[in-house]
Enquirer: 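Okay, here's the structure, questions in a sec.
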Amino acid sequence: MQNNLDDRIRVRAHAIWEAQGHPEGLAEEHWRQAAEEVAQVDKLADLPPPAATGAAAKALTRPKVPKPTV
């Protein structure tokens, strides 16, 4: 599991490095930023889906009425 996390952070850190134009000497900063971003994504992935409200909630709770056959 830790290996997968390190891989995800490594890929994101590399993307940050590329996006900044390949600067030298910022590897630790890129790793820190990438680790924070990966942690945020993981935290959001653990959240339950939002509850439907308004018209969406009504559509989900409205009883299904079969269409008349002709």
Enquirer: Determine whether the side chains of His22 and Glu18 contain a donor N or O and an acceptor N or O closer than 3.5 Å.
Expert: no
Enquirer: Sequence neighbours excluded, which residues qualify as side chain to side chain contact (heavy atoms under 4.5 Å, CB included) partners of Ala13?
Expert: His30, Trp31, Ala34
Enquirer: Look only at the side chain of Trp17 and the backbone of Pro23, and say whether a donor-acceptor pair between them is shorter than 3.5 Å.
Expert: yes
Enquirer: Less than 4.5 Å apart, any side-chain heavy atom of Glu37 and any of Ile9?
Expert: no
Enquirer: Drop me the distance from Arg10's CZ to Asn3's CG, to the nearest 0.5 angstrom.
Expert: 7.5 Å
Enquirer: Do Glu29 and Ile16 have side chains that get closer than 4.5 Å, going by heavy atoms?
Expert: no
Enquirer: Taking only residues two or more places apart in sequence, or in another chain, which ones meet Asp46 in a side-chain hydrogen bond (donor to acceptor under 3.5 Å, both in side chains)?
Expert: none
Enquirer: Step through the shown structure and confirm whether more than 12 heavy atoms of other residues, nucleotides or ligands are within 6.0 Å of CD on Glu28.
Expert: no
